[in-house]
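Notes follow the structure.
FYI, side chains are in, hydrogens and waters are out, and symmetry mates aren't considered; it's all heavy atoms of this structure.
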Amino acid sequence: MKFDGPIIVGAGPSGIAVAACLKQDGIPSLVLERSDCIASLWQHRTYDRLKLHLPKQFCELPLFGYPKNFPKYPTKKQFVSYMEAYAKHFEIKPRFNQSVARAEFDAQVGVWRVNTQDSVYESRWLVVATGENAEAVVPEIQGIERFEGVVRHTSEYKSGCVFREQRVLVVGCGNSGMEVSLDLCRYNASPFMVVRNSVHVLPREMFGFPTFGIAMGLLKWLPLRVVDKLILFMANLTLGNTDKLGLRRPKTGPLELKNATGKTPVLDTGALSLIKSGNIKVVEQGVREITRNGAKFMDGQEIAFDSIVLATGYKSNVPFWLKGSDFFTKEGMPKMSFPNGWKGENGLYTVGFTRRGLLGTTCDALKIAKDVTGQWRSTTCKP
């Protein structure tokens with residue numbers, strides 16, 4: 001099936017944003033989505049109490065803002081409603097339940113050929129919009145198959161109500177690990193959070209202003225490393241020394257680390273006070289093995305647990321389906337870093353891989369639409 005406009009793989013915020021920008025310029029697009037809805041990560045694989053970690057002004061998609069009555073930090077339900085209103089406004093109608101098994105450029109014909117489980121689509125342009133968080137990362141932990149309790153990745157975690165009064169091992173201390181631990185406490189569960197690596201914990205707001213907004217403002221005037229030092233100085237004033245809680249800070253500053261590796265600092269929404277009070281216990285030793293009823297740690301300590309939650313993040317799935325292109329690394333990320341990772345060869349584009357959230361998505365979506373529109377018009381205007 002030949003399609004005149006670009007084929008966009010993924011109907012998350014990134015794919016929908018590109019389709020909207022193209023629509024604004026009068027360019028049709030075909031959005032293919034493996035799930036049964038837009039923003040499937042948000043709808044199917046996030047916990048109920050999730051809110052945007054950044055203020056809404058930093059999380060808008062291009063050309064269409066949030067309703068004025070939305071709070072500073074919209075809830076999961078509000079964000080999904082915003083996405084649905086966005087798609088409706090731009091009349092974007094993805095083809096759902098279309099799982100892309102293979103996409104490859106046919107140099108002889110000059111088209112991208114995209115194979116799903118039941119169809120073949122062709123276009124001059126292919127937009128990879130499956131993003132950084134397409135698949136859950138499930139680590140191999142010795143003995144985990146022997147564990148007699150529940151083992152659940154955060155992509156399957158909805159609420160702490162099913163873990164009421166339980167002792168829960170939470171593997172991972174990023175934003176998900178912290179928020180799941182906080183949620184578990186609300187149901188009188190006892191979370192033990194494994195901190196395998198160093199982590200930057202920052203207050204979500206400082207002196208009444210969003211930490212991210214302060215950082216963005218300072219970056220207009222000061223070098224990144226100076227801003228990092230200022231942010232950490234203010235964080236220590238607000239939160240105290242997190243090293244004493246078992247949350248060792250990396251030697252690299254939070255913004256520099258985010259730019260270099262994509263590792264996001266934790267924005268505290270209440271978990272830190274529960275760590276200080278002992279309601280959330282930090283386990284600084286890594287897990288050596290899982291037993292039938294608990295876990296053994298590297299220091300020889302053994303603790304019994306009722307359940308295990310893996311807050312171990314997500315990864316790209318691009319290498320599994322995009323073939324014949326060397327634009328991506330084996331980890332499924334563009335080899336070119338932001339702001340140059342949005343365009344490959346032969347009409348290949350990427351969006352949602354900037355490690356800069358929805359701000360990065362907006363930036364790349366506008367660039368892609370402008371580039372494709374220029375090609376479209378130069379072709380259609382020829383006599």
Work out which heavy atom in [X] is nearest to a heavy atom in [Y]; give both atom names and the distance.
{"X": "N317", "Y": "R34", "answer": "ND2-NH1, 3.6 Å"}
{"X": "L22", "Y": "S29", "answer": "CD1-CB, 3.9 Å"}
{"X": "M83", "Y": "A39", "answer": "CG-CB, 4.3 Å"}
{"X": "V170", "Y": "S181", "answer": "CG2-OG, 3.8 Å"}
{"X": "S40", "Y": "E33", "answer": "OG-OE2, 3.5 Å"}
{"X": "P74", "Y": "K72", "answer": "CD-O, 3.3 Å"}

Any ion pair linking E104 and R113 (charged N to carboxylate O, less than 4.0 Å)? no

Carboxylate-amine/guanidinium proximity below 4.0 Å for E256 and R225: yes

Going by heavy atoms in the side chains, are [X] and [Y] under 4.5 Å from each other?
{"X": "T291", "Y": "K296", "answer": "yes"}
{"X": "R152", "Y": "V180", "answer": "no"}
{"X": "L219", "Y": "L255", "answer": "yes"}
{"X": "N293", "Y": "E148", "answer": "no"}
{"X": "W342", "Y": "V18", "answer": "no"}
{"X": "V227", "Y": "L224", "answer": "no"}
{"X": "L348", "Y": "L126", "answer": "yes"}
{"X": "I308", "Y": "F192", "answer": "no"}

Indicate yes or no for a side-chain donor-acceptor contact from [X] to the backbone of [Y] under 3.5 Å, with no hydrogens or angles considered.
{"X": "K23", "Y": "I92", "value": "no"}
{"X": "Q117", "Y": "S99", "value": "yes"}
{"X": "N236", "Y": "L232", "value": "yes"}
{"X": "R249", "Y": "V201", "value": "yes"}
{"X": "T362", "Y": "L359", "value": "no"}
{"X": "D364", "Y": "K367", "value": "no"}
{"X": "R146", "Y": "I290", "value": "yes"}
{"X": "T242", "Y": "L247", "value": "yes"}
{"X": "K56", "Y": "Y66", "value": "no"}
{"X": "S81", "Y": "Q78", "value": "yes"}

According to a hydrophobic-cluster definition based on side-chain heavy atoms being under 4.5 Å apart (Ile, Leu, Val, Met, Phe, Trp, Tyr only), do [X] and [Y] belong together?
{"X": "F320", "Y": "L41", "result": "no"}
{"X": "L32", "Y": "L322", "result": "yes"}
{"X": "V162", "Y": "Y157", "result": "yes"}
{"X": "L30", "Y": "I368", "result": "no"}
{"X": "I16", "Y": "F96", "result": "yes"}

Point-to-point distance, once rounded to the nearest 0.5 Å, from [atom1] of [X] to [atom2] of [Y]:
{"X": "L63", "Y": "C21", "atom1": "CG", "atom2": "SG", "answer": "4.5 Å"}
{"X": "S273", "Y": "L182", "atom1": "OG", "atom2": "CG", "answer": "7.5 Å"}
{"X": "R124", "Y": "E122", "atom1": "CZ", "atom2": "CD", "answer": "14.0 Å"}
{"X": "N188", "Y": "F163", "atom1": "CG", "atom2": "CZ", "answer": "15.0 Å"}
{"X": "L310", "Y": "L169", "atom1": "CG", "atom2": "CG", "answer": "8.5 Å"}
{"X": "T269", "Y": "E205", "atom1": "OG1", "atom2": "CD", "answer": "11.5 Å"}

Is there a side-chain contact (heavy atoms from CB on, under 4.5 Å) between W376 and D4 once you walk through the steps? CA-CA 9 Å; W376 176 279; D4 291 337; 4.0 Å; yes

Is the distance between the ring centroids of Y82 and H89 less than 6.0 Å? no

Determine whether the aromatic ring centres of F305 and F147 lie less than 6.0 Å apart. no

Is there any ring-ring contact (aromatic ring centres under 6.0 Å, His included) pair reaching into residues 3-57, and which pairs are they, with sequence neighbours excluded? W42-F79

Consider only side-chain N and O atoms of T264 and K258, and report whether a donor and an acceptor are under 3.5 Å apart. yes

Any chance the side chains of N197 and R248 put a donor and an acceptor closer than 3.5 Å? no

Greater than 12 external heavy atoms within 6.0 Å of [X]'s [atom1]:
{"X": "F233", "atom1": "CZ", "value": "no"}
{"X": "K158", "atom1": "NZ", "value": "yes"}
{"X": "K77", "atom1": "NZ", "value": "no"}
{"X": "K370", "atom1": "NZ", "value": "no"}
{"X": "E145", "atom1": "CD", "value": "yes"}
{"X": "K76", "atom1": "NZ", "value": "yes"}

Would R204 pass as a cation-pi partner of Y73, given that its NZ or CZ must be under 6.0 Å from the six-membered ring centre and within 45 degrees of the axis? yes

If you apply the rule side-chain contact (heavy atoms from CB on, under 4.5 Å), what do you find for V351 with V127, and how did you get there? CA-CA 7 Å; V351 61; V127 181; 4.0 Å; yes

Going through the checks in order, is the salt bridge (Lys or Arg N to Asp or Glu O under 4.0 Å) test met by R355 and E132? CA-CA 8 Å; R355 292 173 168 152; E132 306 160 9; 5.5 Å; no

Give the ring-plane orientation class for F58 versus F212, where under 30° counts as parallel, over 60° as perpendicular and anything between as tilted. perpendicular

From CA spacing to verdict: side-chain contact (heavy atoms from CB on, under 4.5 Å), R45, H153: CA-CA 9 Å; R45 293 186 286 163; H153 189 271; over 6 Å; no

Between E179 and T154, does a side-chain contact (heavy atoms from CB on, under 4.5 Å) hold up when you go through it step by step? CA-CA 10 Å; E179 292 222 359; T154 48; over 6 Å; no

